[in-house]
Amino acid sequence: YMSLARQFVAKVNAAQPNVTASLFSDEDDDMLFTEIYECPDAASYDALEDSYDEDIRAIISKIAGCVDGRQHVAVLTKRA
């Protein structure tokens, strides 16, 4: 799983230079994770999945087979 997670983050960050992706796991269950995408605006986030190539989509499919679920999905705006 960790190898797939590192590949995913590296490929997403390379595909979208203005987006920074990170994955965090729950401290009680390593197989529950939260994805964080730092984007300059909502349009960058909205375009993120459209920028995924077949390699990224294959990694996402493999990760889905390893994890128990997503913890939280939210869109936040950085204020400071």
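Every heavy atom of this structure was used, including side-chain atoms; hydrogens, water molecules and symmetry mates were not.
- Closest of all the heavy-atom pairs between Pro40 and Asn18 is CD-O, 3.1 Å.
- For Ser51, the side chain to side chain donor-acceptor pair (under 3.5 Å) criterion is met by Gln16, not counting sequence neighbours.
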Query raised in the report: Ile36 and Phe24: side-chain contact (heavy atoms from CB on, under 4.5 Å), yes or no, with the steps?
Result: CA-CA 8 Å; Ile36 305 289; Phe24 294 86; 3.6 Å; yes
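- Residues passing the side chain to side chain contact (heavy atoms under 4.5 Å, CB included) test with Asp55 are Lys11, Asp53, sequence neighbours excluded.
- Residues satisfying the side chain to side chain contact (heavy atoms under 4.5 Å, CB included) test with Asp50, not counting sequence neighbours, are none.
- Residues satisfying the side chain to side chain contact (heavy atoms under 4.5 Å, CB included) test with Arg57, not counting sequence neighbours, are Tyr52, Glu54.
- Atom CD of residue Glu35 and atom OG of residue Ser22 lie 10.5 Å apart, to the nearest 0.5 angstrom.
- When the side chain to side chain donor-acceptor pair (under 3.5 Å) test is applied to Asp28, no partner is found at least two apart in sequence or on another chain.
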Query raised in the report: Does the side-chain contact (heavy atoms from CB on, under 4.5 Å) test come out yes or no for Thr20 and Tyr37, once each step is laid out?
Result: CA-CA 6 Å; Thr20 302; Tyr37 300 94; over 6 Å; no
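- The only member of Leu23, Ile59, Leu48 that meets side-chain contact (heavy atoms from CB on, under 4.5 Å) when paired with Val12 is Leu48.
- From Met2, atom CE reaches atom CD1 of Ile63 across 9.5 Å, with rounding to the nearest 0.5 Å.
- Ala21 and Asn13 get closest at one heavy-atom pair: N-OD1, 2.6 Å.
- Partners of Ser61 according to the side chain to side chain donor-acceptor pair (under 3.5 Å) rule, which considers only residues two or more places apart in sequence or in another chain, do not exist here.
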